[in-house]
Every structure is written in C-alpha cells, then in structure tokens.
Asks: 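My questions all concern the structure below.
Residue numbers count from 1 along this sequence. Given the structure is predicted, the values throughout are model-derived calculations rather than measurements.
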Amino acid sequence: MPDLDLNLLTANIHMGFSAGRRRFVLPELRQAIRTVSADIVFLQEVQGAHSHHAEKHENWPEVPHYEFLADELWPQFAYGRNTVYPHGHHGNALLSKFPILSHVNRDVSVAGAESRGLLHCVLDLPGSGASIHAVCAHLGLRDAHRRQQLELLCTMVSTEIPEDAPLIVAGDFNDWRRRGHPLLERCGLREAHLETHGRLARTFPARWPLLPLDRIYVRNMRVQEAAVLSTPPWSHLSDHATLAASVCLEAAGT
C-alpha cells in the first residue's frame with residue numbers, strides 16, 4: 001500500500017449558532033467547511049433535531065445538521081446522540097469521504113453532569129487493505145469527570161482497537177489545564193499541533209483563542225501539519241476555533 005495523505009478537521013459547532021447564540025450560521029459554516037476539503041470531519045455539539053428552532057429560523061435545514069453539512073462532499077456520516085430533551089437532541093458526528101464500516105456511540109456521561117459521548121467509527125480505505133479507527137470525543141467540564149472519561153477512552157483504545165491500526169481521536173476535550181494530556185500520551189496517542197508546533201493549539205474563545213480545548217490525536221500515523229482556523233469567517237461561526245491537520249498513513253514497512 002502506498003503512503004496516503006489525509007486532511008482532518010475537528011470543530012465544536014455550537015449547535016449551528018455563533019458565539020452567544022446571536023445568529024444561526026450553519027449555512028455559512030457548511031460553506032467554510034467545504035473550502036477545506038477534509039477527508040474526515042469530527043463534529044461536536046451537532047443538532048440532530050430541535051423543533052423550537054426549526055419554527056423560529058427560516059433557513060433551518062429540513063434534515064439533521066450533520067446530514068446538511070455532509071451534503072455531497074461526504075457521502076458517509078455517523079451520528080452519536082448524547083443529550084436528549086423534549087424538543088430535540090444533539091451529540092457528536094463524523095463526516096467521511098471513505099465508507100464507514102461500523103460505528104458505536106459510547107456514553108461516558110457522569111451522573112448529574114451534562115451528557116457526553118465517544119463516537120467510534122471504523123472506516124474502510126478502498127484499495128488499501130487498511131481500516132482507520134476514528135473517535136469523535138466531547139468530554140466534560142470538570143477535571144474529575146474528564147479523568148473518568150479519559151480512562152474509559154484509553155481502555156477502549158487498548159482493548160477494542162488493534163495495536164497496529166491507524167487511529168485518530170479528535171474533538172473537544174475541555175482540558176484547558178492540560179491535565180488529561182499525559183494520560184492520552186501514555187495510551188500511545190500523539191497530538192498533532194503539539195508535534196508540529198511544540199504546544200497544544202489554543203482554540204477558545206474563537207475570536208481570541210487562549211485555551212487549548214480542541215485536539216487531534218493520532219497513533220500509527222505521521223503528522224505533517226496542523227493549524228488553528230481562527231480568522232474570518234471561522235472566528236464568527238462558533239464559540240470554538242476549528243482545528244485542522246494533515247497526516248499520512250504510511251505504507252507497511254516504511
């Protein structure tokens with residue numbers, strides 16, 4: 001199998017609203033995401049349904065937001081519902097240019113806190129004989145909760161994903177104090193922005209990114225580049241800046 005370059009994108013899309021929920025910006029967000037031409041897109045806070053907003057906003061899509069964003073560029077998508085309420089639900093989603101062989105959404109919520117999940121997808125790379133494991137993560141706001149969730153993630157990585165399989169774990173880790181990062185390193189994961197720039201990416205708040213909340217981790221892949229997308233239009237499309245990375249799936253024996 002020859003080396004294969006992959007473009008990755010992760011974004012907490014804030015249910016399709018700008019920071020402060022002042023404007024519904026999902027159509028603009030779709031256009032921005034399309035310009036990146038990522039092969040795999042990891043999304044958090046994706047609105048699966050919301051009857052109240054659908055009545056209020058004329059440009060509210062008739063399909064779930066992950067399907068609206070996928071459009072014709074990403075023929076494959078998966079959704080993991082994390083939070084359910086009387087008028088709708090939201091969660092994590094993954095958009096892929098490659099076939100999704102399987103997906104499962106792991107509930108890693110802590111009792112009494114906001115629901116959180118890990119969406120684990122297995123992607124097929126046609127003609128390569130290889131599969132990629134991709135995990136879209138959205139972790140809790142409290143250190144103790146994140147610790148539990150990261151331990152569950154590491155257990156999943158060590159027991160359910162082959163040691164030699166290409167793996168990407170991306171999303172909103174809410175780990176602004178960087179306390180969870182060493183645990184992921186012990187699981188064999190390497191963070192893309194740290195590897196290419198020497199520090200974790202600052203992605204929150206979007207207009208003046210100060211806190212390193214969003215990450216792209218890989219295993220058995222070579223990181224080529226990583227970047228924070230925080231200039232217009234990205235700076236007004238969510239409360240988080242978007243994180244991009246270019247990685248390489250190396251041929252066996254290289």
Side-chain angles (χ1 to χ4, degrees), residues 3-13 32-33 35-44 74 92-98 118-123 125 130-139 146 149-150 153-154 156-158 161 163-204 206 209-231 234-235 237-238 240-251 254:
D3 289 0
L4 176 64
D5 294 335
L6 298 174
N7 291 321
L8 311 175
L9 199 72
T10 183
N12 181 322
I13 65 171
I33 291 177
T35 64
V36 178
S37 297
D39 298 293
I40 308 172
V41 181
F42 300 76
L43 301 172
Q44 307 85 50
W74 295 275
N92 297 337
L94 185 137
L95 315 181
S96 173
K97 291 185 177 179
F98 308 110
L118 300 171
L119 177 62
H120 176 201
C121 301
V122 181
L123 314 178
L125 298 180
S131 296
I132 291 180
H133 290 256
V135 179
C136 185
H138 191 190
L139 304 187
R146 287 195 300 276
Q149 291 159 350
L150 288 170
L153 171 59
C154 286
M156 183 177 75
V157 167
S158 62
I161 299 175
E163 188 174 354
D164 60 349
L167 169 64
I168 306 162
V169 182
D172 177 4
F173 289 81
N174 274 316
D175 182 29
W176 58 88
R177 295 178 178 174
R178 304 170 178 85
R179 292 178 177 173
H181 175 70
L183 180 59
L184 292 172
E185 287 189 316
R186 290 197 293 272
C187 295
L189 296 170
R190 302 171 359 258
E191 207 285 320
H193 200 273
L194 177 63
E195 189 153 307
T196 54
H197 298 280
R199 63 178 175 83
L200 296 170
R202 297 174 182 176
T203 59
F204 186 89
L210 296 173
L211 302 178
L213 302 191
D214 303 88
R215 317 269 174 83
I216 297 176
Y217 288 94
V218 298
R219 190 178 72 175
N220 297 322
M221 308 183 86
R222 185 174 74 248
V223 179
Q224 298 174 315
E225 187 53 87
V228 180
L229 307 181
S230 58
T231 57
W234 300 99
S235 55
L237 295 179
S238 175
H240 287 242
T242 296
L243 188 60
S246 175
V247 300
C248 180
L249 178 62
E250 297 179 333
T254 62

Asks: Donor-acceptor pair, distance only, cut-off 3.5 Å: does the side chain of His240 make one with the backbone of Ile13?
Replies: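 No; judged by distance alone, with no hydrogens or angles, the pair does not exist.
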Asks: For the side chain of Asp39 and the backbone of Asn7, is there at least one donor-acceptor N/O pair under 3.5 Å apart?
Replies: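 Yes; at least one donor-acceptor contact below 3.5 Å.
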Asks: Is Ser230 reaching over with its side chain to a backbone N or O of Ala241, donor-acceptor style, under 3.5 angstrom?
Replies: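 No.
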Asks: Knowing that exactly one of Leu194, Leu8, Thr196 qualifies, which makes a side-chain contact (heavy atoms from CB on, under 4.5 Å) with Val223?
Replies: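 Looking at Leu194, Leu8, Thr196, the match for Val223 under the side-chain contact (heavy atoms from CB on, under 4.5 Å) is Thr196.
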Asks: If we only count heavy atoms from C-beta on, is the Thr10 to Gln44 side-chain gap below 4.5 Å?
Replies: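 The answer is yes, as the side chains (C-beta and beyond) meet within the 4.5 Å cut-off.
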Asks: Check the SG atoms of Cys187 against those of Cys154: under 2.5 Å or not?
Replies: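 Taking the criterion (SG atoms under 2.5 Å apart), Cys187 and Cys154 satisfy it, so yes.
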Asks: If you measure from CG on Leu213 to CG on Leu139, what distance do you get to the nearest 0.5 Å?
Replies: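 Taking CG in Leu213 and CG in Leu139, the distance rounds to 11.0 Å.
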Asks: Report the residues that fulfil side-chain contact (heavy atoms from CB on, under 4.5 Å) with Ala134, sequence neighbours left out, ordered by chain and then residue number.
Replies: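 Testing Ala134 for side-chain contact (heavy atoms from CB on, under 4.5 Å), a comparison that skips the adjacent residues, returns Phe42, Leu94, Leu123.
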Asks: Under 3.5 Å, side chain of Trp176 to main-chain N/O of Leu210, donor-acceptor pair present?
Replies: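 Between the backbone of Leu210 and the side chain of Trp176 there is no qualifying donor-acceptor contact (under 3.5 Å).
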Asks: Under a 3.5 Å distance rule, please check whether Arg190 uses its side chain to pair with a backbone N or O of Met221 as donor and acceptor.
Replies: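 Side chain of Arg190 to backbone of Met221: a pair is present.
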Asks: Short question: side chain of Arg215, backbone of Asp175 - any donor-acceptor pair under 3.5 Å?
Replies: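 Yes: the side chain of Arg215 pairs with the backbone of Asp175.
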Asks: For the backbone of Asn174 and the side chain of Arg146, can you confirm whether one donor and one acceptor N or O come within less than 3.5 Å of each other?
Replies: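 Such a contact is found between Arg146 side chain and Asn174 backbone.
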Asks: Are Leu184 and Phe173 packed together at the side-chain level, in the sense that at least one heavy-atom pair is separated by less than 4.5 angstrom?
Replies: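 Yes, close enough: below the 4.5 Å cut-off.
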Asks: For the side chain of Thr203 and the backbone of Asp214, is there at least one donor-acceptor N/O pair under 3.5 Å apart?
Replies: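 Yes: the side chain of Thr203 pairs with the backbone of Asp214.
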Asks: Taking the side chain as C-beta and beyond, is there a heavy-atom pair between Arg202 and Val228 under 4.5 Å?
Replies: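 The answer is no, as the side chains (C-beta and beyond) never meet within the 4.5 Å cut-off.
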Asks: Residues in side chain to side chain donor-acceptor pair (under 3.5 Å) with His181, at least two apart?
Replies: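 Expected list: Glu185, Tyr217.
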Asks: For the side chain of His197 and the backbone of Ala226, is there at least one donor-acceptor N/O pair under 3.5 Å apart?
Replies: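 The answer is yes, because a donor-acceptor pair under 3.5 Å joins these two groups.
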